[in-house]
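For reference, the structure is listed below as structure tokens.
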2 protein chains.
Amino acid sequence: MLALTKKTGYALVAMSHLSRLDRGSLASAREIADLFDVPTSLLMNVLKQLASVGYVESVRGARGGYRMAVDPENVSLADLVGVLEGPVRLAECVTEVAGDDTECTCQVMANCPVADPLHRAQRKLKDFLASVTLGEIVKPAPAPTENKG
Amino acid sequence: MLALTKKTGYALVAMSHLSRLDRGSLASAREIADLFDVPTSLLMNVLKQLASVGYVESVRGARGGYRMAVDPENVSLADLVGVLEGPVRLAECVTEVAGDDTECTCQVMANCPVADPLHRAQRKLKDFLASVTLGEIVKPAPAPTENKG
DNA sequence: TGAAACCGTACCATAAGAGTGCTATATATG
DNA sequence: CATATATAGCACTCTTATGGTACGGTTTCA
């Protein structure tokens, strides 16, 4: 439906919270879940996934928890989506091979008249997602200049 | 999974085909389905939906079919997604009320730290989708300058 | 009259998403 | 050492959306 999944949403919330902690401070999954009223078990899964790719660092045991392992400025929406939802695919036939290149896998529509344009649109969408960094998300608001909504 | 649905894909294909026909010419659902190897019944449904919102015009009876009812330049990806998949929602809590404005419906996360930024990102995504018109899709390629994929 | 084509709607099957549970392991604390 | 806390890993269910199909009806051309 062209929407981020809840997992990605939860990841954004959790990581933005972690980003705001003092350097080295920990927050447990339960703590974050309580704070934002999200299902604890699910948030645990998300944090585990984020830890497995190195975006956050985990400390086990009592008084353990999670902390940021990377600079929020270096994590984009595209990165998170890639980890939690799989590669961005504007259309089914557009598969991203590297981080930048796309490959056409139109098996059904041999004469597909929109393949090339979709690839271009896909690139633009990817660029857009890559331009939104967690750093921006963490900050309250960039500039009231163009604030319309 | 942050992807367009197949329905939207089929709509793009069908409408791009219709856009290339001579002014006033008709193409039947079956004809288009055969041409691009997509399921006939499904394409019928899609075209019916497109007709119901006035993007294409239907002519009933034998020798009937569909033709474009609007200028392809005036139909954007955002429009098609809106018709076939419902409103674009980058996150669940971001609901678009008008064509431009968004409304926050965060029921779960009262303290959501990413609501505002997501609204901004949603706007940007919407703008992006609105910037991709069917007219561009129909054209083969804009300029070989930046063609990389 | 019959075939072709759209119309409307309802239906089903599969896959993806959302969420839960359980067991194991690591660590701080008493 | 025992216990509580917390992550790790896995597997499972439930719900929803998507993809696809079917049927009866209406319109039009031949």
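As the structure is a computational prediction, the values presented were derived from the model and not from experiment.
Of the residues near DNA chain C, T40(A) and G61(A), the one whose nearest nucleotide (by heavy atom distance) lies more toward the 5' end is T40(A). Residue order along DNA chain D, read from the 5' end via each residue's closest nucleotide, puts G65(A) first among E85(B) and G65(A). Take the nearest nucleotide of DNA chain C for R30(B) and for L2(B): the residue whose nucleotide is more 5' is R30(B).
Rounded to a whole Å, the CD atom of Q49(A) is 13 Å from the C1' atom of dG17(C). Rounded to a whole Å, the CZ atom of R60(B) is 6 Å from the P atom of dC7(C). Between the NZ atom of K7(A) and the C1' atom of dA16(C) there is a distance of 11 Å, rounded to whole Å. Taking atom CG of L42(B) as the reference point, atom C1' of dC12(C) lies 14 Å away to the nearest angstrom. Nucleotide dC7(C) holds its P atom 9 Å from the CG atom of L47(B), rounded to whole Å. A straight line from CG of L84(A) to C1' of dA16(C) spans 15 Å, rounded to a whole angstrom. Distance K6(A) NZ to dT20(C) P: 11 Å, rounded to the nearest Å. Atom CD in E57(A) sits roughly 13 Å away from atom P in dT7(D) (whole-Å rounding).
Both L42(A) and L50(A) are part of a single hydrophobic cluster, where members link through side-chain heavy atoms under 4.5 Å apart. Hydrophobic clustering, with ILVMFWY side chains joined whenever heavy atoms are under 4.5 angstrom apart, groups L12(B) together with V53(B).
If you check distances only, the side chain of R63(A) never reaches the base of dT5(D) with a donor-acceptor pair under 3.5 Å. Contact annotation: side chain of N45(A) to base of dT7(D), donor-acceptor pair absent below 3.5 Å.
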Problem set entry | Verdict with reasoning, L125(B) to L125(A), per side-chain contact (heavy atoms from CB on, under 4.5 Å) | CA-CA 8 Å; L125(B) 172 59; L125(A) 172 60; 3.7 Å; yes
For this session: Please report the C-alpha distance between H17(B) and F36(B) in whole Å, then the side-chain angles of each, then the deciding distance to 0.1 Å, and finally whether the side-chain contact (heavy atoms from CB on, under 4.5 Å) criterion is met.
Result: CA-CA 10 Å; H17(B) 178 68; F36(B) 299 113; 3.8 Å; yes
Problem set entry | Test side-chain contact (heavy atoms from CB on, under 4.5 Å) applied to L134(A) and V138(A), step by step | CA-CA 6 Å; L134(A) 187 58; V138(A) 172; 4.2 Å; yes
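Considering only side-chain atoms of T5(B), the nucleotide from dT21(D), dT18(D), dG17(C) that sits closest is dT18(D). Across dA8(D), dG19(D), dA4(C), the shortest atom-to-atom separation from the side chain of A62(B) is found for dA4(C).
Here S58(A) reaches the OP1 or OP2 of dA8(D): one of its side-chain N or O atoms lies under 4.0 Å away. Taking side-chain N and O atoms only, Y10(A) has no distance below 4.0 Å to OP1 or OP2 of dA18(C). Put simply, K48(A) has no side-chain N or O that comes within less than 4.0 Å of OP1 or OP2 on dG9(D).
Across all strands shown, S28(A) has heavy atoms under 4.0 Å from sugar-phosphate atoms exclusively, and none from any base.
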